[in-house]
Structures are given as C-alpha cells and as structure tokens.
2 protein chains.
Amino acid sequence: MSESTTDPRDDTAKPRRRQARGERRIQQLLDAAAHVFCRTGYTSASTNAIAREAGVSPGTLYQFFPNKEAIAVELGERLNRRMTETHGTVLTPENAGLPLGELLDTVLDPMIEFNCANPVFLALIQSSDAPGQLLEEHAELHDSIQDRISELIGLRNPDLSPERRTHTTTMTFALFKAGLTLILGHEGTEREAYAAELKTALYGYLAPVLGTEAVGTRP
Amino acid sequence: MSESTTDPRDDTAKPRRRQARGERRIQQLLDAAAHVFCRTGYTSASTNAIAREAGVSPGTLYQFFPNKEAIAVELGERLNRRMTETHGTVLTPENAGLPLGELLDTVLDPMIEFNCANPVFLALIQSSDAPGQLLEEHAELHDSIQDRISELIGLRNPDLSPERRTHTTTMTFALFKAGLTLILGHEGTEREAYAAELKTALYGYLAPVLGTEAVGTRP
DNA sequence: GAGAAACGCGAGCGATCGCTCGTGTTTACC
DNA sequence: GGTAAACACGAGCGATCGCTCGCGTTTCTC
C-alpha cells in the first residue's frame, strides 16, 4: 500500500502532468460526448461512439477519463460552473426590486441563452438513468438556484409563509425547466415565441404573489 | 411464403389462441414491467429483470412478447387507452363555458389522479431513449390531448390568432406536465400542495387569455 | 540525442443484455 | 384417455458495451 509517487502534489494522489495536446484532446472528447449525450442520452451513449465522434480510439479516451461516468461528471462540472456564473450574476438581491416584467427579462434571458448554446446541459439533467455522482452534481446546482430564487421571492414578499415560499420557488423553477424544454425544441421565430410565452406564464403565476411594480428593498 | 394457418382469423396473421392462464401472465408481466420501467427507465430495464419481477423465466416472457419494445408498446397502449378515456370525458366543449377555476379543477383533477395511480405513464413518456413505435404512440396521445385543449381555448377566446392559440396550447400542456412531475415527486400533503400550486400557475397564465368568468358557447 | 513520460492505437477481454431453443408440464378439445 | 397446442423453464448463444493492455509515436527535459 505504498503510494510512492514523485509527489510534486499529492492532493488528489494523481500526479499526471498533462501536455497541451492532452488538454486539447480532453476538450475534443467533452465536445464529442456532448453531441452524443444530446443525441441518445447518457445510458445509450457508448464510449466507443464518443471516441469515434472525437476521431480518436477507445484507448485514447481512457487515457484521459477513468470511466464513462467520469466523462459525464467532468462535462457536468464545466457546465455547472458556467451556469452558476450565469445565475450568480442575475439572481441577485439587487434585481429583486425591479418591476416583475423587467426582473423576468433580466433573469430569464441569460439562462435561456446559456441553455440554447449548451443543449447538452438539459439533456444530462433530464436523463433519468444517470449515475450517482452526476445526480449529486445536479442536485447541488438545483438547490443553489432554488435558494437564490427563494431569496428573491422572500425579498419581494416577506409575508409569505416558509411553506408557500418553498412551493412557489419549486413550482417556478419547474415551470422554467418546462418552458426551456419547449424553447430548445424549436428554432428561430418559434423559439422566440415560446421564450416570450414562458415569460407570460411566469408573469401570470408570480404577479399575484410578488406584485408587478418596482419594490424598494431597503430596511 | 405460404401462410397456411388454420385461419380462424388472419387479420393479424397471428392465430395464437390465448388461455386464461396466458392472459393472467401477460397482466403479471405488464405490471412487473411497469415497476421496473418506473425504477430504471426503459433502456436500463432488462427483460430478465422484468421476468424476475413477475416471477417467471425469461423464456416465458418471450412466449407472450416478441421483444422488449413490444412490452413497452403494449403497456403504453393500455395506458393510452385509459388516459384517452379520462381526457375524453373531461376535455369537452361543454366544459369550455365553466368559470376558469372550475374548468381547471374539472380537467386537472382526473388527469392528476390517473397519473398518480399510474406513475409509469410519465416515466415512459419522459424516457428520452425510447424506441420508435413507443414514441409514435406518445405523439398520437400528445396530439389528441393538445387538439382538445386547443379546441377549448378556441371556444373561450375565438379572437386568438392560430399561432397564439398553438403557442398557448403547447405551453399549457408543457406546464401541466412539469407540475405533474412535481406532484408525482411528492406524497400526501405536499402532493396536494403542488397540485393546488399547479392550478394557481395555470390560472395565472390562462386568465388573461381566456377570462375567468363563465362563458356562453352557444352560437 | 538519450531517456522518460505523455499520447495514441485497436484488437480483444469479461460482463451483460436481448433473445432462443430443447425439453418438460398443463390445459383444451374430441 | 389421447392428442395437440399453449404454457413454462433455464442454460446459453450472439451481439454489444465498458474497458484493458501491449506496443508504437510524440513531446518534454536535461
């Protein structure tokens, strides 16, 4: 059980020094995996197919990823990181005071844009038979987004009971995901129409709870 | 190529006379398949697992179904038939005149109840890597439900442009499915809370388009 | 330029899955 | 009771999939 590596760093016990070529290959493989996952979902996607899509051999793929799950996990992590940036800059307490219509535009537009540019994100989330670690990743992101939404809702309507706030938050996010699926399922004008329709729906749902006008959030 | 069967009926060219025992086995196998599909989705469900869950051997399973897809298709057909009955008795022109709140109760309650009693229905619909014939089935049901919803919307608001009507219909159904997923993901009091929340959401979305009051639909 | 390590290949291993087949049992029909 | 068909079994076949391994190539380091 001697872990006698050259130990330049043993924080992860994997002292593999990547070359620039390797980093490029990893990106190629993740891009290929994104395509294949989008096409067939996680379970039905074969590692050989991912390697073929990336134009490399199966052996090369396993030079960079220990197993199939790790590919999805790494892809998920990168997407989560970028998605977290997006919702972090937009689901802020400062925006809570905006008129509801503007608030929805401000929040939804970047989220929708990100998902249109990265359709594999939704595909991975909706793949029901995903492995354990991927589900944990999603749960984390899910919770962090819902916490932000819940915070916004709480700021706009402090009189809401915790239960109602939770339900409103969860339903809001679920409706958003449904609208997103519809948006990604169309293109061009239709896509924009459904984006507008989603905003209308959320507006109609949230207006009675949060009010439509600008709200001062100072103590 | 001589199809010289005993031809009591050659409408499907499959003159297999089932015994009562066989019909019972089929039901057992479909129930088992429902459980396994619910647990792991279509692709990850193995026919051996279905047979085991039903308490029979793999060979027995294939006495009644030519392949794995046929199991899902038959299960889907039976569920579609019952779901069609449900929405057929509820998505009627007569109900179009009800006040919006009552309309939503009348339509949603039976649909929700059916899906709570048959969670495999949603599981099959949401399994993204389903085989072709199953997708066709779903598309048929999907279209027939949307046609009914579209009809109701058209009756309540004849001034809506065809495009807006389509978008409203599609979004309404998508929001319903999202709420349904949330409802099936909870139990007891929470489940009822999300059912109420879904109605609130649809009310908020549809009220500005359809109006809230009772509407006379006579020419 | 020599050695080491990272990169790259692809045949193929072991496991799993959908499905078959030979054989034995139960049921329907005369 | 006898016959044919339906039902039931379970070992195992062929295909596929995740993944490995041996070996050759490129890149880094000195």
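Letters go in sequence order (proteins before strands), and every chain restarts at 1.
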Less than 4.0 angstrom between a side-chain N/O of [X] and OP1 or OP2 of [N], yes or no?
X: A/Tyr62; N: D/dT20; value: no
X: A/Arg21; N: D/dC28; value: no
X: B/Arg17; N: D/dA4; value: no
X: A/Arg18; N: C/dC7; value: yes

Have a look at [X] and say if it touches a base, only the backbone sugar-phosphate, or nothing, with a 4.0 Å heavy-atom cut-off.
X: B/Ala45; answer: sugar-phosphate
X: A/Asn67; answer: sugar-phosphate
X: A/Gly22; answer: sugar-phosphate

Quiz prompt | Heavy-atom pair of closest approach, residues A/Leu210 and A/Arg156 | solution =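 So the two residues come closest at O-NE, 3.3 Å.
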Self-check item: Closest non-hydrogen atom pair between A/Leu152 and A/Pro93, with its separation
Solution: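 Result for this residue pair: CD1-N, 4.3 Å.
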Quiz item: Closer to the 5' end of DNA chain D via nearest nucleotide, is it A/Thr60 or A/Thr47?
Solution: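 Final value for this comparison: A/Thr47.
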Whole angstrom value for the distance that separates [atom2] of [N] from [atom1] of [X]:
X: A/Gln27; N: C/dC7; atom1: CD; atom2: P; answer: 15 Å
X: A/Gln63; N: C/dC9; atom1: CD; atom2: C1'; answer: 10 Å
X: B/Asn48; N: C/dT20; atom1: CG; atom2: P; answer: 13 Å
X: B/Leu61; N: D/dC7; atom1: CG; atom2: P; answer: 13 Å
X: B/Phe64; N: D/dC9; atom1: CZ; atom2: C1'; answer: 12 Å
X: B/Gln19; N: C/dC29; atom1: CD; atom2: C1'; answer: 11 Å
X: A/Ile26; N: C/dA6; atom1: CD1; atom2: C1'; answer: 12 Å
X: B/Arg52; N: C/dG18; atom1: CZ; atom2: C1'; answer: 14 Å

Quiz item: What class does the angle between the rings of B/Phe114 and B/Phe121 fall in, given that below 30° is parallel, 30 to 60° is tilted and above 60° is perpendicular?
Solution: perpendicular
Exercise. Assign the ring pair B/Phe37 / B/Tyr42 to parallel, tilted or perpendicular, where the plane angle (0 to 90°) is split at 30° and 60°.
Key: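 It falls in the tilted class, 30° to 60°.
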Quiz item: If you find the nucleotide of DNA chain C closest to A/Gly55 and the one closest to B/Ser44, which residue's nucleotide is nearer the 5' end?
Solution: A/Gly55
Quiz item: Where each residue is assigned the nucleotide of DNA chain C containing its nearest heavy atom, which of B/Ser46 and B/Ala20 is assigned the position nearer the 5′ end?
Solution: B/Ser46
Quiz prompt | Flag if over 12 foreign heavy atoms under 6.0 Å of CD, B/Glu23 | solution = yes
